[in-house]
There are 2 protein chains.
Amino acid sequence: MNIGIASEKTGLPSKTIRYYEDIGLVRPARTDNGYRDYSASDIHRLKFLQRSRSLGFSVDECRQLLSLYQDRARDSADVKAIAEARLVEIDRKIAELNGLRHLLHHLVEHCHGNDRPDCPIIDELAGEGLVQ
Amino acid sequence: MNIGIASEKTGLPSKTIRYYEDIGLVRPARTDNGYRDYSASDIHRLKFLQRSRSLGFSVDECRQLLSLYQDRARDSADVKAIAEARLVEIDRKIAELNGLRHLLHHLVEHCHGNDRPDCPIIDELAGEGLVQ
DNA sequence: CTTGACCTTCCAGCTACTGGAGCCCTTAGA
DNA sequence: TCTAAGGGCTCCAGTAGCTGGAAGGTCAAG
């Protein structure tokens with residue numbers, strides 16, 4: 001199966017699929033003319049990667065998850081640990097963004113947004129602001 | 001004022017300050033020995049950048065904000081527009097992360113996390129999962 | 001005179017791709 | 001049989017925003 005079809009089946013751009021090969025996440029066969037030839041199990045692997053990435057796992061975490069996936073004797077605890085670490089990270093990020101959102105919203109609300117120069121947002125950035 | 005002191009005063013690493021000079025955000029004088037020499041107004045600019053960056057503005061937005069800051073005849077509306085765009089982006093990101101968090105939390109909750117291989121997280125990633 | 005803490009420049013690397021150039025292969029139509 | 005379109009291939013460079021490190025210059029203290 002050519003890379004274009006693999007791309008359609010997995011929802012990953014061809015460029016990305018080649019990249020995943022570069023970094024050793026997938027190893028398709030090659031046909032005589034040098035084209036990559038994806039098997040059903042390659043497609044499965046790529047879909048696994050697509051889903052993992054879209055759940056926010058880093059490429060390196062995906063690598064670990066893939067190897068746990070292949071490992072019939074894995075401990076589910078190992079998978080859970082990776083997912084929980086991700087969850088903690090996501091929570092941290094959400095909290096950070098909520099903090100920013102709060103500050104920024106506060107500033108935006110106090111800015112008239114007209115044709116005059118006085119602006120609490122700029123004042124804040126300049127260190128003469130609303131927020132202590 | 002040497003870069004080390006500027007770093008202390010602004011909370012930005014020296015490397016970052018040099019980088020900001022590279023991309024034209026700040027232009028310190030030089031002393032005879034070739035050392036960068038930061039004036040009070042350079043420090044002010046750097047602090048402005050530090051605050052803007054920590055509020056989540058991109059370097060390019062910081063550039064725009066800085067030039068609005070210098071512009072005594074600015075319209076506060078222009079500043080507000082940049083901040084509002086940032087706010088929209090932050091909200092989008094928060095929503096995305098909340099979605100991920102929800103999914104991942106759901107999966108983690110259903111994983112026993114023991115020494116057995118069966119794991120709904122892996123199943124989900126493999127496309128045989130809980131989530132439709 | 002030496003030591004150590006600074007400073008300088010330049011180059012490479014990080015994440016996870018993405019775009020583009022320049023080329024080859026295959027297939028359908030004129 | 002020629003040609004054009006639409007794949008595919010490799011390799012190189014660029015994205016954001018730094019960060020680390022090498023190799024060297026400068027300065028103040030002891």
Side-chain angles (χ1 to χ4, degrees), chain A residues 1-39 42-43 45-46 48-66 85-86 89-90 93 96-97 100, chain B residues 1-39 42 45-46 48-66 82 85-86 89-90 93 96-97 100:
Chain A
M1 188 186 317
N2 279 357
I3 199 170
I5 312 294
S7 169
E8 268 176 40
K9 292 211 177 197
T10 60
L12 293 167
S14 303
K15 279 275 187 189
T16 300
I17 298 180
R18 286 195 200 98
Y19 172 69
Y20 286 169
E21 181 177 349
D22 269 7
I23 61 174
L25 288 176
V26 76
R27 282 174 226 287
R30 296 282 178 141
T31 57
D32 289 345
N33 59 18
Y35 286 15
R36 289 169 179 83
D37 186 19
Y38 295 89
S39 68
D42 291 330
I43 298 299
R45 246 179 119 79
L46 287 170
F48 186 101
L49 287 166
Q50 190 277 321
R51 288 194 200 94
S52 312
R53 290 286 299 130
S54 74
L55 272 172
F57 292 103
S58 73
V59 163
D60 222 68
E61 285 164 336
C62 290
R63 201 186 298 274
Q64 297 171 51
L65 289 169
L66 259 180
R86 188 92 292 268
E89 191 49 33
I90 288 174
K93 193 79 192 172
E96 182 190 330
L97 287 176
L100 288 184
Chain B
M1 189 185 318
N2 278 357
I3 198 170
I5 312 294
S7 168
E8 269 175 41
K9 292 212 176 198
T10 59
L12 293 168
S14 304
K15 279 273 186 190
T16 301
I17 298 179
R18 287 195 200 95
Y19 172 69
Y20 286 169
E21 179 177 350
D22 269 6
I23 60 174
L25 288 176
V26 75
R27 285 174 223 286
R30 297 282 179 141
T31 57
D32 289 346
N33 60 16
Y35 286 15
R36 288 169 179 83
D37 186 20
Y38 295 89
S39 68
D42 290 330
R45 245 179 119 78
L46 287 170
F48 186 100
L49 286 167
Q50 191 277 323
R51 288 193 199 93
S52 312
R53 291 286 299 131
S54 72
L55 273 173
F57 291 103
S58 73
V59 163
D60 222 69
E61 285 164 336
C62 290
R63 201 188 297 274
Q64 296 171 52
L65 289 168
L66 260 180
I82 295 175
R86 189 91 291 268
E89 190 50 32
I90 289 175
K93 193 80 192 169
E96 182 190 330
L97 288 176
L100 287 184

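By convention in this document, chain letters (A, B, ...) are assigned in the order of the sequence lines, proteins followed by strands, and residues within each chain are numbered from 1. Keep in mind that the numbers below use all heavy atoms, side chains included, and drop hydrogens, waters and symmetry copies.
Residues A:Asn33 and A:Thr31 have side chains that bring a donor and an acceptor to within less than 3.5 angstrom of each other.
A donor-acceptor contact under 3.5 Å links the side chain of A:Lys15 to the base of C:dG20. A donor and an acceptor atom never sit less than 3.5 Å apart when one is taken from the side chain of B:Tyr20 and the other from the base of D:dG17.
Close to D:dG17, at under 4.0 Å from its OP1 or OP2, lies no side-chain N or O of B:Arg18. Proximity of B:Asn33 to the phosphate of D:dC27: a side-chain N or O atom is located under 4.0 Å from OP1 or OP2.
Atom CE in B:Met1 sits roughly 12 Å away from atom P in C:dC7 (whole-Å rounding). Counting to the nearest Å, the C1' atom of D:dG7 and the OH atom of A:Tyr38 are 14 Å from each other. Distance CD (B:Glu8) to P (C:dC6): 9 Å, rounded to an integer number of Å. Spacing between atom CD of A:Glu21 and atom P of D:dC9 amounts to 8 Å, rounded to whole angstrom units. The separation between A:Leu12 atom CG and C:dT18 atom C1' is 14 Å, rounded to whole Å. Here D:dA16 presents its C1' atom at 11 Å from CG of B:Asp60, a figure rounded to the nearest Å. Per the geometry, CG belonging to B:Leu25 stands 10 Å off P belonging to D:dG17, to the nearest Å. A:Leu46 has its CG atom 12 Å from the P atom of C:dC17, to the nearest Å.
Residue A:Thr16 has its side chain nearest to C:dT18 when only D:dT26, C:dT8, C:dT18 are considered. The side chain of B:Arg36 has C:dT9 as its nearest neighbour among D:dC9, C:dT9, D:dC18. The side chain of B:Tyr35 has C:dC7 as its nearest neighbour among C:dC7, D:dC18, C:dA16. Among the nucleotides C:dC7, C:dA16, C:dT8, the one closest to the side chain of B:Asn2 is C:dC7. Closest to the side chain of B:Arg30, from the set C:dT8, C:dT18, D:dT26, is C:dT8.
Within 4.0 Å (heavy atoms only), B:Ser58 reaches sugar-phosphate atoms of the nucleic acid but no base atom. Across all strands shown, A:Ile3 has heavy atoms under 4.0 Å from sugar-phosphate atoms exclusively, and none from any base.
Proximity of B:Leu25 to B:Arg63: side-chain heavy atoms (C-beta onward) are separated by under 4.5 Å at one or more points. A heavy-atom distance below 4.5 Å is found between the side chains of B:Ile82 and B:Phe57.
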Derivation and outcome, side-chain contact (heavy atoms from CB on, under 4.5 Å), residues B:Leu55 and B:Ser52: CA-CA 5 Å; B:Leu55 273 173; B:Ser52 312; 5.8 Å; no

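The nearest heavy atom of DNA chain D to A:Ile5 and to B:Arg53 marks one nucleotide each, and the one closer to the 5' end goes with A:Ile5.
A distance-only check finds no donor-acceptor pair linking the side chain of B:Asp37 to the backbone of B:Arg30 [under 3.5 Å].
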